[in-house]
Every structure is written in structure tokens, then in C-alpha cells.
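Quantities reported herein were computed from a predicted structural model and do not represent experimental measurements. The figures that follow rest on heavy atoms only: side chains count, while hydrogens, waters and symmetry mates do not.
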Amino acid sequence: MKRARRAGGKSNANRAVFHVIFFGSAKITHHAAPTYLCGMERQLSEQEQFRRGALEALRATGMNPFPAAEVPVSHLASQIKEVYPTNPEALADVCVAGRVMTKRIMGKASFASLMDSSGRIQIYVNRDELCPEEDKSLYNDVFKKHLDIGDFIAVKGHVFTTQTGEISVHATQFWVLSKSIRPLPVVKKDAEGNTHDAFSDPELRYRQRYVDLIVNEGVKDIFIKRTKVFSTMRDIFNRAGHLEVETPILQPIAGGAAARPFMTHHNALDIPLYLRIANELYLKRLIVGGFEGVYEFAKDFRNEGMDRTHNPEFTIMEIYVAYKDYHWMMDMTEKMLEEIAIAVTGSADISVGGKNISMKAPFARVPILEAIKTHTGLDLLGKPEEEVRAAAKSLGLQVTPEMGTGKMIDEIFGQKCEHHYVQPTFITDYPVEMSPLCKRHREDDRLTERFELFINGNEIANAYSELNDPLEQRARFEEQLKLSEKGDDEAMFIDQDFLRALEYGMPPTSGMGIGMDRLTMLLTDQSSIQEVLLFPQMRPEKTD
RNA sequence: GACUCGAUAGCUCAGCUGGUAGAGCAAUACACUUUUAAUGUAUGGGUCCUGGGUUCGAGCCCCAGUCGAGUCACCA
């Protein structure tokens, strides 16, 4: 009953729209009446006033500038361009809908281009075909005067090619779907493909991402590719039988990483809560619980500085697989990244900032102390803290007394080695002090079974053979506590529940986190994280 | 957090030595029935980021602030 009534209402509305548009014919005078300025808190620009005038003028013809009815779209712009060259007869009666992006009026004939989700298509409108009767107001007033760049319209007609060879829709009917009352930046491209008057101010582009997506070619494509990165990775994991899960974002202890958290408060429980900085400890609890492969695309939050590669909220994919080690994880990762690169860019060879990078597996594997030896000549394997400190100083690094061996080695690698690894390289076997959640190396207990993957000099992934000895894990947390007392504000908290879980027993497990934003930056050749986030964090706009 | 650069019309940008605020696109009006950065003619459009100061006079010089970009620091 309810459904039937709704369906009936819809088709009536459809008829009503056609009726008012094609038969309404009030004489239109164009001026910006002051009535619709009443109650506006903001001074309107001249162009906004003209557009509100056009909106009222459309209403004065009896037309609804914001009709409710479903639009009977038959083709996307891209489909028309695809089909026409081989089968033009199939396009004798099409209906396309989209946003008006350009308008060229040439007296009794006009061109406009419509943009839909697939791209642009030109439409051609001829006065006497649109208005075969005496009354030419639909063309002279509605199309020529009240239709603006940015408006949504639909047109019906047949597809043809113009004298200059452009596939176009020869419109015999059109109707307004939604009026735009704010002028859009008009970005033009010339015959040589040069862009003119680009909408390029980064502040405006990020704050008004909707405008950026409309007028800047290629922006949509970055986000389509971003989604492709996620969906390809998800497919690979699902194919392997791993389970996608969700774990808490509000956590009583922000664990699993070294970072300053955002803090919030739960009113009913009257307790502080933290926004997660990682989900590692929760996913490992699930391995304890008997799942053998779990993963999550997790929004993490870190209350730290913002720059070209850091946004306060960002996305990490973490995966944990039981009975595997970090060698297995490297094998899996390199194959996966090759597959994703091909899926997203069409090739395993990608170009990043003018550099050619091969994402073809296998990737190089270099122990961190070997990397330091190669790039500094210093052999730090098994060296006591004082010797490492002296080495760091000799390399011109700032070292403080509270920095342990691990931190200093990390510093040396970061400053002197990291940027050399442009081609994908697994840096392995980090000192145990830097990796409190990672299992000791099976052959050298000063090291851990850990790797970080570097591509284009940036860290993309971080993985371990996970530490599953509950007593050693407790001891490592206690080491962190000491670091914290020494003044390291990033040292980890002790998560007692996580330790309790490990005490029940966790199978040998390998885990990895991949920075999804940075992976997307790499695969879309973007040097700023803001270009791969739809809505990057910004300071609030001033409101007056 | 430090340093550098920037903010002028809807968009992109000029603006000289401190002397009435400029261009292109967009807009408005007219012309133009296959154009495409359409074209031609005419016209309108400004809190020069904000607040102080110097000066007869500030878009421009000085001070403070806001917002953004870049570099560095921080950041597994």
C-alpha cells in the first residue's frame, strides 16, 4: 500500500515537471529584486545577486528550479563517446544529465558542456528545434539568460558530430534540475592542453573540496585510485581467508604505538578515554581468541604536528596472521604491493616525483646495521651504548643522555640512510630497544625480527614477528616505563589486559601495519598528504 | 614550535619611488543558427586579510594578530 502510493506520487511528479518546463511561458524580466536579500547575514556579490535573480525568474515562469522527480538518464557522457564511433544509430534518442560547465551562445544556436560522473559531453541547442512554436521564451529567456555555469540540467536528443568533429548531443528538450546560486571558478583548457585560470589556491581547494572536485581535472581520479588501493588490498586479504574486523577507536589506554593521543571524556562512565593511536593490541587479542588472520583499515589519531606527510587523523591497515613470521610477511607484502600497483596504475613500474620506482617483487632486504655500515662506514653491531653515542655524535647528530641505543640507531638510520632507499627495500632486524612489541631475533637476541619497508625514502610499512612471551612482554613494557620516567613522553603505557590475554597464550604470529595515506601518495605521485585526503584537517574558518 | 613566502574583483594574478584600484577569465546588455580558451561592441563589479602606527596622504612603510604554503624541528 505504502509502496504503491509512493510510486504513484513519483510518476505524477515526473509529469508535472515536464508540463511546467515545456509549456510554461511567462514573460520574464531579469533584475535582482531585493526581496530575496532579506534576512541574509552576508553581503552578496553582484554575481550572486544576478543568480538569485535568475532563480526567481525561473520560478516566475512556473518552473521548479529544484524538482523532485527522478531523472530518466539513459547514458553517461563516457558511454556516448564510446558507443558513437561504432554504433551511432543506438544513440538516436538519449537523455543525459549533469552540471553545465561551459556555455557558448551564438545567437539562435548555442553550445554548452555538461559534466557528469564520467566526464564531459557537449550539447547543441537550436532555438527553432527547442521551440518549434511561436513562443521562443524557453530558448531566449530560460536557456540563454537564466541558465548559468554550475546549474544541473538534463537534455534529451540525438547524438551527432559537429563540423569540428566533436561528439555532441543535439538537444530537442532540456530541463533544469538544480540551480546554482554561487559562481564556480571557470577553469579553461586551450587547444595545446594548457590550463588557464586554474583554481589553485591550496587553502580554497582543501576547504572547498567540492569545488576542487568539480573544476580541477584529475582530483577525482586521485580519490578513485585511493579507493582502488583499499579495495585491491581488501580483495587480496579476503582471498587469503583473513577476516576484516573492527576494534575500538575509544580506548581507555592508547597503546600499540609511541605517540601522543587525543583525549576525551565519557560522561556516563565518567572516565577519560583516548582516541586510538594504533589497533595492534586489540588485533593481537583476537589472535589469542582464535582467529588466525585478522585485519582492519583503521583510522588512527595522533595529537602531533601537521605537515606534508602528517594529518592528525590518518589510516593504517594492520594485519595479523597466526603461525607466520616476518619472512613470510615480507614475501606476502612484496607480492601484494606489486599487485596493487598494477591494479591502480596499470604497471608495476611507477613514477614518483620524476623518479622511476619498480614495485616488482621481490624487494631488497637489508638489516638496519648493515644499512648504517654501508652509508656511514660504522659497524655498530653489539656495540655498547657509549660507543653508539660517540658514533652518533661523530655523525653530527644531536644526542641527549636519555636516548638509549635503540633510539640513537633509529636516529642514525633516519638521518643518514633512510633517504637512500628509493627502490622498495625491507630494512630488517632492528635493535631490541626500539621495538617493545617485537619478538627477539632467533639468531641474535640483541635484535628483533622486525622490518620496515622504505619506498622513495619514506616508511610505508612496519612489521614484526610478534612478541608472544607474556613475561618478556611485561618486562619490555617495564623498560618503556623507565624510559617514560627518564622523560620520553612517547614511551608506551602498560596495558594489563593485553598482558593477561598473552598469558592465556598467543600462537606465533606475524603482524604488519601499512600507512594507507602514504601508500596512496606513492601510487598517485602526490607529495602532500592533503592531496590524498578528501577533507584534510584545517584550522576553522573565520566566521563573521 | 622556529624561519621564509603569501593574502588585492567570483577565479587566476599585476600594481612603479607612498599620490583617484588594474588585466584576463567569469558576470550584465546587444549582435551572431555547428562553436569549443567561440567572437565582436559596450557596461558593472573592491572591507586591497584584521587591528593599530608613521605620513598632508598607505594596497605599498612600521608594529601586532589571523589564515595558508614551503623549509626545519617534532612525529616508529
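- Side-chain contact, A:Q122 with A:R104: a donor N or O sits under 3.5 Å from an acceptor N or O.
- Other residues, nucleotides and ligands contribute at most 12 non-hydrogen atoms within 6.0 Å of the CD atom of A:E217.
- Nucleotide B:G40: paired with B:C30 (Watson-Crick or G-U wobble, both distances less than 3.5 Å).
- With hydrogens and angles left out, the side-chain atoms of A:T102 and A:S113 include a donor and acceptor closer than 3.5 Å.
- The A:S45 side chain lies nearest to B:G10 when the options are B:G10, B:A69, B:C11.
- A:L44 has its CG atom 13 Å from the P atom of B:G46, to the nearest Å.
- Residue contacts for A:D128: at a heavy-atom cut-off of 4.0 Å it reaches a base atom on one of the strands shown.
- Side chains of A:E48 and A:S45: a donor-acceptor N/O pair is present below 3.5 angstrom, by distance only.
- The nucleotide B:A7 finds its pairing partner in B:U66, both defining distances of the Watson-Crick or G-U wobble pair being shorter than 3.5 Å.
- If you check every strand for non-hydrogen atoms under 4.0 Å, A:F160 touches a base.
- Remark: the separation of the P atoms in B:G22 and B:G1 is 41 Å, to the nearest Å.
- Distance check on atom C1': B:U8 versus B:G59 gives 7 Å, rounded to whole Å.
- Across the strands present, B:A76 finds no partner; the criterion is a Watson-Crick or G-U wobble pair with both atom distances under 3.5 angstrom.
- Residue A:K103 contributes atom NZ, which lies 8 Å from atom P of B:A27 at whole-angstrom precision.
- Here the separation of B:A76 from B:A37, taken at their C1' atoms, is 49 Å to the nearest Å.
- The side chain of A:F50 approaches B:U28 more closely than any other nucleotide in the set B:U28, B:U33, B:U35.
- Inspection of the A:R440 and A:T448 side chains reveals no N or O donor paired with an N or O acceptor under 3.5 Å.
- When rounded to the nearest whole Å, the span between CG of A:N311 and P of B:C74 equals 20 Å.
- With a cut-off of 3.5 Å on both pairing distances, B:U35 has no Watson-Crick or G-U wobble partner at all.
- One can place CE of A:M306 at 18 Å from P of B:A73, the figure rounded to the nearest angstrom.
- The listed nucleotides are B:U35, B:A76, B:A26; the one nearest the side chain of A:N462 is B:A76.
- Between A:Y421 and A:F413, the ring planes are parallel. Angles under 30° get that label, and only those over 60° would be called perpendicular.
- Of the P atoms belonging to B:G24 and B:U41, the separation is 11 Å, rounded to the nearest Å.
- Between the P atoms of B:A21 and B:C60, the separation comes to 13 Å (whole Å).
- For A:E203 and B:A7, the CD to C1' distance is 9 Å, given to the nearest whole Å.
- Taking the C1' atoms as reference points, B:C67 lies 11 Å from B:U50, given to the whole Å.
- For the pair A:I121 CD1 and B:U35 C1', the computed distance is 15 Å after rounding to whole Å.
- Per the geometry, CD belonging to A:E166 stands 10 Å off P belonging to B:A37, to the nearest Å.
- Taking only distance into account, the side chain of A:Q47 meets the base of B:A26 through a donor-acceptor pair shorter than 3.5 Å.
- With distances taken from any side-chain atom of A:P436 to the nucleotides B:G68, B:U34, B:A76, the minimum falls on B:A76.
- In this structure, B:U71 forms a base pair with B:A2, meeting either the Watson-Crick or the G-U wobble geometry with both donor-acceptor distances under 3.5 Å.
- Both A:E411 and A:R127 sit near RNA chain B, but only A:R127 has its closest nucleotide nearer the 5' end.
- Across all strands shown, A:Q530 has heavy atoms under 4.0 Å from sugar-phosphate atoms exclusively, and none from any base.
- Nucleotides B:U17 and B:U55 have their P atoms positioned 23 Å apart, rounded to a whole Å.
- Minimum atom distance to the side chain of A:I105 is reached by B:C32, of the listed B:A69, B:C32, B:C74.
- For A:R104 and B:A37, the CZ to P distance is 8 Å, given to the nearest whole Å.
- Residue A:N194 is out of contact with every strand shown, counting any heavy-atom pair closer than 4.0 Å.
- The side chain of A:M106 lies closest to B:U34, out of B:U34, B:G10, B:A37.
- A:Y124 comes within 4.0 angstrom of a base, heavy atoms only.
- Side-chain to base pairing of A:T162 with B:U35: one donor and one acceptor N or O lie within less than 3.5 Å of each other.
- Contacts of A:F413 with the nucleic acid, taken as non-hydrogen atoms under 4.0 Å apart, are absent.
- Searching all strands for a Watson-Crick or G-U wobble partner of B:G46 with both distances below 3.5 Å returns nothing.
- Proximity note for A:E46 (side chain, C-beta onward) versus B:G45, B:A37, B:U12: the nearest is B:G45.
- No side-chain donor from either of A:S510 and A:E466 sits under 3.5 Å from a side-chain acceptor of the other.
- Partner assigned to B:C60 is none, using Watson-Crick or G-U wobble distances below 3.5 angstrom.
- Ranking B:U33, B:C67, B:C11 by closeness to the A:R207 side chain, first place goes to B:C67.
- Of the two residues near RNA chain B, A:D201 and A:K108, the one whose nearest nucleotide lies more 5' is A:D201.
- Rounded to the nearest Å, the gap between the P atom of B:A58 and that of B:U12 is 29 Å.
- Of the candidates B:C25, B:A76, B:A69, B:C25 carries the atom nearest the A:V186 side chain, counting heavy atoms from C-beta on.
- Judged by distance alone, the side chains of A:Y139 and A:S110 do bring a donor and an acceptor atom under 3.5 Å apart.
- Taking the six-membered ring for Trp, A:F143 and A:F174 have ring centres closer than 6.0 Å.
- With a 3.5 Å ceiling on both atom-pair distances, B:G18 lacks any Watson-Crick or G-U wobble partner.
- Minimum atom distance to the side chain of A:R308 is reached by B:U71, of the listed B:C32, B:U28, B:U71.
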